[in-house]
Amino acid sequence: MSAQNSPAKSMRTPLARVRSLPVIVIVLMLIGSNQAGAKLILGSLPIAIILLLFIVASAWHMKIGMQVVIEDYVHNEKLKLAGIMANNFFSFAVALASIYALLKLSSGV
Amino acid sequence: MTARIERPLSPHLQTYRWTLTMALSIVHRVTGMALYFGTLLLAWWLIAAASGPGAYANVQAFTASTIGRLIVFGYTWALMHHMLSGIRHFVWDLGYGFKPNEREALTWGALIGGVSLTVLVWIAAYAIGGGR
C-alpha cells in the first residue's frame, strides 16, 4: 500500500495524464472554421508541436495499454501474438499518419 | 497426458458484491478501448485538413450529423473520464488514497468530474460554434 510497493512501471507519465486538455482547447478553437482556417491554426508552430507531443504520447499509451488488455484476455498464444502485432501496427500507423498530416500542414506544401 | 489435477478454483467476478471501484475499473478499460479506436477520428480529421477543402468538408459533414455528433460526444466523455480516472490511478501509484472513504471519494470524483467536464466542453463548443 506504500509507494515502495507500487508497480515499477506506470503506463503514463504525470504530464501525459492531462495531455488531452490542450488538445480539447485546440479542437474548440477550430469549431466552425473551414479547411483554410484549420490549416492556418494547425500549421502554426506551437499548435503543431503540442499536437505532435499529444500524438506521440497517445500512441505509446495506446500501444502499451492495449497490449495489457490483450495479454489479460487472449490466452491462445498464436492469437495473442497476432493481436499484439496488430496492436503495434495500428498504434504506429495512426501515429505516423497523424504526424505526416501535421508536418504537411506545417510545411505549407 | 498427465492426469488432471483438481485444484481449487478462485471465485470469479460474479461471486463478489459489486463495488464502485470495481465498476469504474472496468469503465476505465472500456473508455481506454473506445479512445484507442477513436484516435482514427483524430487521424482522419488531421489527414483531411492536410488534404484539402473537399476532404475537410467530409469530416465536417460527419461531425455535424446526428451519429457523428453522438460519437464525438461519446469520445469527449471517454477522454475526460479516462483522464480523471488516470489521475486517480496516479494518486494510488504514489501510495495515497487507499482508505475506504478516500478511494470512494476519488472514484466518485472521476465519475462526476468526467461528466461535468464533458458537459462544460460541449457548452463551450456550442457557444463558440453558435449551434453548429
Side-chain angles (χ1 to χ4, degrees), chain A residues 1-7 10-14 16-21 23-25 27-39 41-43 51 54-55 58-59 61-63 65-66 68-69 72-73 87 90-91 93-107 109, chain B residues 28-30 32-33 35-60 63 72 75-76 78-80 82-99 117-118 120-122 124-132:
Chain A
M1 290 286 182
S2 69
Q4 286 75 30
N5 294 341
S6 62
S10 172
M11 271 197 239
R12 312 149 195 99
T13 59
R17 277 162 212 270
V18 290
R19 65 182 182 269
S20 49
L21 287 179
V23 174
I24 294 275
V25 174
V27 172
L28 287 175
M29 280 164 67
L30 284 158
I31 289 173
S33 126
N34 59 12
Q35 190 263 343
K39 190 180 161 73
I41 294 174
L42 292 173
L51 285 175
F54 174 77
I55 286 157
S58 298
H61 186 85
M62 282 161 63
K63 184 231 175 291
M66 185 57 96
V68 167
V69 173
D72 276 357
Y73 302 127
N87 173 42
F90 181 85
S91 304
V94 165
L96 199 70
S98 304
I99 290 167
Y100 181 79
L102 272 168
L103 293 182
K104 187 166 183 287
L105 282 160
S106 295
S107 65
V109 177
Chain B
H28 189 74
R29 277 218 161 168
V30 171
M33 295 301 98
L35 291 166
Y36 180 91
F37 294 104
T39 49
L40 282 175
L41 209 61
L42 182 72
W44 179 34
W45 176 60
L46 290 173
I47 293 163
S51 300
Y56 199 74
N58 286 338
V59 176
Q60 286 186 314
T63 54
V72 179
Y75 186 83
T76 314
L79 193 63
M80 294 294 106
H82 199 79
M83 179 184 74
L84 292 177
S85 191
I87 291 169
R88 182 180 62 121
H89 278 285
F90 183 57
V91 172
W92 285 334
D93 282 353
L94 290 175
Y96 302 106
F98 285 110
K99 290 194 191 113
L117 277 179
T118 307
L120 281 176
V121 165
W122 277 73
Y126 273 90
I128 293 164
R132 270 181 296 185

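Throughout, protein chains are lettered first and strands after them, A, B, ... in sequence-line order, and every chain is numbered starting at 1.
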- Message: Can you classify the ring geometry of B/His82 versus A/His61 as parallel (below 30°), tilted (30 to 60°) or perpendicular (above 60°)?
- Response: perpendicular
- Note on the structure: Output for pair (B/Leu84 CG, A/Ser20 OG), nearest 0.5 Å, gives 8.5 Å
- Query: Taking B/Arg29, B/Met33, B/Gln60, B/Met80 one by one, which has the highest count of heavy-atom pairs under 4.5 Å against chain A?
  - Reply: B/Arg29
- Nearest non-hydrogen partners of A/Gln35 and B/Ala48, listed with the distance: CG-O, 4.5 Å
- Side-chain touch B/Val121/A/Val27, heavy atoms, less than 4.5 angstrom: no
- Query: B/Ala125 and A/Ile31: which non-hydrogen atoms are nearest, and at how many Å?
  - Reply: CB-CD1, 3.5 Å
- Message: If I take atom CG from residue A/Leu28 and atom CH2 from residue B/Trp122, how far apart are they, to the nearest 0.5 angstrom?
- Response: 10.0 Å
- Message: So which atom in B/Tyr56 and which in A/Ala38 form the shortest heavy-atom distance, rounded to 0.1 Å?
- Response: OH-CB, 3.3 Å
- Item | B/Trp44 portion near chain A, given a 4.5 angstrom heavy-atom threshold | neither
- Note on the structure: A/Leu42 and B/Ala49 have their tightest heavy-atom pair at CD1-CB, 3.8 Å
- Task: Could you walk me through whether B/Leu46 and A/Ile55 pass the side chain to side chain contact (heavy atoms under 4.5 Å, CB included) test, one step at a time?
- Result: CA-CA 11 Å; B/Leu46 290 173; A/Ile55 286 157; 3.7 Å; yes
- Check the pair A/Tyr100, B/Ile47 against side chain to side chain contact (heavy atoms under 4.5 Å, CB included), reporting the backbone distance first and the verdict last. CA-CA 8 Å; A/Tyr100 181 79; B/Ile47 293 163; over 6 Å; no
- Item | Option that, when pairs with chain B are counted at under 4.5 Å, heavy atom only, ranks first among A/Asp72, A/Ile99, A/Val23 | A/Asp72
- Message: Any heavy-atom pair between the side chains of A/Val94 and B/Tyr36 that's under 4.5 Å?
- Response: no
